[in-house]
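Report on the structure given below.
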Amino acid sequence: TVQRDTMKTILKFDMNSKQSFLFLLILLLLTSQIGFSAEGKWIRVGMLHNFYQSHGSEPEEEFGDSQQFGMQWPAFWDLQDMQAARGLWFGVANYYDPVADYTYPYKVAHVGPRPRPEAELNEMMPVEFKLIARSAHPTVIVDSEISSDMEWDDIIDEIDPLLPSDRMIYNVINSSVGLSMERKIYAFSQQNYNNFFIYDMTFTNNGICNKDSSITHNNTLDGVYFYWQYRNAICTEGTVEGSAIDWVGQPGWGTERDMRWGINTMNEVLGENPLSPAPNDVYDDNGDIIRCFYSWHGRHSASSYDNIGSPNYLGWQPDGRLGASQYIGVVTIHADKSPTDNTNDQFQPSSTQYIESNAAATFSNEQYNQTRMQDEYLQYLAAGHPLLSQAEMVGDGFADQFASDGGYSAGIGFGPYTLNPGESVRIVLAEGVNGLSRYKNSRVGADWFAAQNGQSSTDTLPDGGLTTDHNEYKNAWVYTGRDSILKTFKRAINVFGRNYQIPQAPDPPSTFEVQSQGNRIYLTWDNSAENSDYFEGYKIFRAKGQKDSTYHEIFDCNVEDGNVVNEYSDFSAERGQSYYYYIVSYD
């Protein structure tokens with residue numbers, strides 16, 4: 001069964017009040033955009049949500065007012081952010097700079113991982129930035145008011161019914177080294193593919209070196225590298241301090257800010273050398289080695305209990321629920337061998353160095369500082385593969401003790417390439433998240449919590465074995481996230497191999513309305529989804545009390561049973577209670 005939901009459209013109806021959250025959501029929108037420079041757009045379809053910016057990357061705290069902001073999964077629930085910072089650097093060797101009229105041994109153009117508003121004026125310069133959709137998001141109305149955050153988060157610039165994905169961001173930038181990037185970001189809402197984004201990027205030596213294209217060169221570029229940095233911090237729910245969900249508020253602990261920064265983040269790399277695979281390397285469905293890195297919430301030395309998965313043990317209303325069991329990472333799907341050889345180079349990325357997140361190179365960019373750019377180029381972009389990854393260095397120890405300050409980011413670099421004027425290379429990456437379900441986080445966490453508080457039990461491990469060690473039980477389930485993220489990577493590789501053609505779910509209803517009618521809550525929707533191929537029916541789910549809770553199916557109508565309708569009356573709703581609904585169409 002393939003289904004598509006209403007793209008993070010959640011309806012609240014309070015039998016006591018009748019008011020919507022429209023004002024609150026507008027207020028949040030305004031506060032989230034204070035101070036950002038580059039234009040930003042959200043992708044909010046499926047279960048993975050993130051924002052993207054017009055200058056080609058997403059630096060720390062440039063778009064939102066929180067350090068952990070973006071890469072939210074499962075985004076149906078609150079406080080699932082895992083992104084702290086992103087960076088994109090272009091490097092060129094022996095580069096004649098027509099702006100400075102000087103030849104640099106190494107020239108590096110930057111955006112991120114720290115924000116610098118002037119970068120889009122003279123370093124990574126936006127040319128085009130738009131959000132394309134296969135279809136518009138549903139219109140959601142609660143008691144005659146527009147009540148979906150998609151109205152201001154899903155700002156569509158263009159509708160393309162032939163788009164293979166539900167959403168695609170199209171982004172073009174020029175750079176101060178004369179390299180352009182065309183970035184296509186694909187996102188899907190179909191439930192088997194809704195937890196990753198595919199970044200399909202083409203880099204061209206177009207010679208344009210400044211914002212208004214008045215300064216150009218016609219030079220061959222040698223020693224070209226494309227380099228990404230990823231500072232992950234998993235996850236807000238398990239690290240936030242002083243909120244209603246306070247996992248780490250233990251007096252005197254003081255690690256909550258560290259965790260938000262990612263000081264205990266672990267980063268593992270696979271597939272560095274296809275000629276000499278490591279024991280833990282894995283292969284895709286085509287038999288090729290998977291080239292990837294992934295991050296997870298590692299051990300912290302200041303915790304008085306085993307913090308793997310970040311169980312809610314000492315915080316607000318402790319129940320043991322795991323707040324940071326996700327695995328997040330990036331897989332290389334394709335990298336051209338050269339501008340004239342578009343076959344997939346299994347030896348890219350050529351650099352997988354981990355980076356101290358507060359290293360000097362991660363702060364203010366200096367694209368005319370010859371010494372600094374040389375260090376960046378040699379120590380990061382062209383540094384190759386370390387003997388051991390950060391995760392291998394830490395082993396079973398404490399990740400925070402391995403880091404001197406701020407933890408470690410993952411870096412991947414592609415090159416060196418030589419590009420003559422007008423030549424291009426293509427690189428395709430996928431970034432995804434996976435791990436335990438919301439239900440499993442609660443179930444495993446509750447079992448662990450009970451045992452931690454003296455209730456002895458025998459628990460079932462993922463492989464079917466039994467244990468009375470509650471930490472072993474909890475951690476074994478959290479560590480299944482590794483298999484889950486690798487499964488996500490395989491699916492992303494397969495989607496690219498099929499030229500983005502996946503089984504399409506029926507469209508969601510284009511309108512969904514909720515009304516209060518005395519002793520019932522009345523839901524109606526239009527029949528537009530029924531024109532989709534293989535349409536079978538609708539399901540409605542409901543949560544009681546708060547949005548961030550468990551949803552239960554309360555209604556199903558379908559073609560097989562001959563009872564397809566476009567309305568539902570919820571007579572079981574109780575006065576004085578809050579209810580949240582969503583609808584899916586399925587094939």
Side-chain angles (χ1 to χ4, degrees), residues 2-13 20-26 28-29 32-33 39-52 70 72-78 80 129-170 184-191 193-197 500 502 504-514 523-532 535 538-541 547 551 566 580-587:
V2 175
Q3 68 184 35
R4 179 184 294 150
D5 63 27
T6 52
M7 303 178 188
K8 191 67 179 354
T9 293
I10 301 174
L11 312 178
K12 180 200 176 190
F13 183 79
S20 75
F21 282 157
L22 183 61
F23 173 76
L24 173 61
L25 290 172
I26 290 175
L28 291 176
L29 172 72
S32 72
Q33 297 191 16
E39 183 183 0
K41 294 182 182 293
W42 278 96
I43 292 182
R44 286 190 178 274
V45 298
M47 277 292 187
L48 179 62
H49 297 175
N50 197 30
F51 66 90
Y52 294 95
Q72 302 161 347
W73 183 92
F76 203 93
W77 289 274
D78 294 330
Q80 304 302 310
F129 188 58
K130 61 184 178 181
L131 179 64
I132 303 172
R134 189 168 61 234
S135 61
H137 59 256
T139 298
V140 179
I141 301 171
V142 177
D143 279 349
S144 302
E145 291 187 6
I146 297 293
S147 300
S148 169
D149 55 6
M150 296 295 281
E151 295 296 326
W152 41 83
D153 284 339
D154 188 46
I155 308 301
I156 298 169
D157 299 294
E158 182 180 322
I159 298 288
D160 180 1
L162 300 180
L163 189 70
S165 59
D166 290 287
R167 294 290 183 272
M168 182 187 79
I169 283 180
Y170 183 76
K184 299 176 182 177
I185 306 170
Y186 294 94
F188 303 86
S189 71
Q190 201 254 67
Q191 79 269 25
Y193 305 93
N194 68 3
N195 63 328
F196 60 81
F197 302 117
Y500 303 110
I502 68 168
Q504 294 293 348
D507 290 330
S510 60
T511 60
F512 189 28
E513 185 167 0
V514 180
L523 288 70
T524 59
W525 55 95
D526 73 296
N527 64 358
S528 58
E530 294 159 37
N531 297 321
S532 301
F535 170 84
Y538 304 104
K539 296 178 185 288
I540 292 176
F541 297 80
K547 178 185 73 172
Y551 286 76
N566 302 98
Y580 301 82
Y581 299 88
Y582 73 86
I583 187 170
V584 299
S585 54
Y586 65 96
D587 75 4

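What you see is a predicted model; the values in this text were computed from it and never measured.
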Walk me through whether Met47 and Trp73 qualify under side-chain contact (heavy atoms from CB on, under 4.5 Å).
CA-CA 6 Å; Met47 277 292 187; Trp73 183 92; 3.9 Å; yes
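- A salt bridge is absent between Asp507 and Arg134: the closest approach of a Lys/Arg side-chain nitrogen to an acidic carboxylate oxygen does not fall below 4.0 angstrom.
- Contact of the Ile141 side chain with the Val514 side chain is not registered, since no non-hydrogen atoms from C-beta on lie closer than 4.5 Å.
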Run the numbers on Val584 and Gln191 for side-chain contact (heavy atoms from CB on, under 4.5 Å), then give the verdict.
CA-CA 11 Å; Val584 299; Gln191 79 269 25; over 6 Å; no
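- Distance check, rounded to the nearest 0.5 Å: CG of Asp166 to OH of Tyr193 gives 13.0 Å.
- Remark: Ile43 CD1 to His49 NE2 distance equals 10.0 Å, nearest 0.5 Å.
- Checking each of Tyr580, Tyr582, Phe541 against Phe76 for a ring pair (Phe, Tyr, Trp, His ring centres under 6.0 Å) leaves exactly one that passes, namely Tyr582.
- Rounding to the nearest 0.5 Å places CZ of Arg167 at 4.0 Å from CD1 of Ile156.
- Between Ser528 and Pro508, the closest heavy-atom pair is OG-O, 4.0 Å.
- Closest approach of Asp526 to Tyr538, counting heavy atoms only: O-OH, 3.7 Å.
- We find the OG-CG distance between Ser135 and Leu163 to be 9.5 Å, quoted to the nearest 0.5 Å.
- Between Asp149 and Arg44 there is no salt bridge, since none of the side-chain N atoms of the basic residue sits less than 4.0 Å from a carboxylate O of the acidic one.
- A pairwise comparison of heavy atoms in Trp42 and Asp153 identifies CB-O, 3.4 Å as the closest pair.
- Between Asp157 and Lys130 the shortest heavy-atom distance is OD2-CA, 3.2 Å.
- Exactly one of Asn195, Asn194, Ile502 qualifies for a side chain to side chain contact (heavy atoms under 4.5 Å, CB included) with Phe188. That residue is Ile502.
- Expressed to the nearest 0.5 Å, how far CD1 of Ile155 lies from CD of Glu39 amounts to 10.5 Å.
- The two residues Ser585 and Phe535 make their nearest non-hydrogen contact at CB-CE1, 4.3 Å.
- Taking NZ of Lys41 as the reference point, atom CZ of Phe129 lies at 6.0 Å (rounded to 0.5 Å).
- Ring orientation note: the planes of Tyr186 and Tyr500 are close to parallel, at an angle under 30° on the 30°/60° scale.
- No donor-acceptor distance shorter than 3.5 angstrom exists from the side chain of Glu513 to the backbone of Thr139, with no hydrogens or angles considered.
- Taking both residues in full, the closest heavy atoms of His137 and Asp154 are given as ND1-OD2, 2.7 Å, listed atom of the first, atom of the second, then distance.
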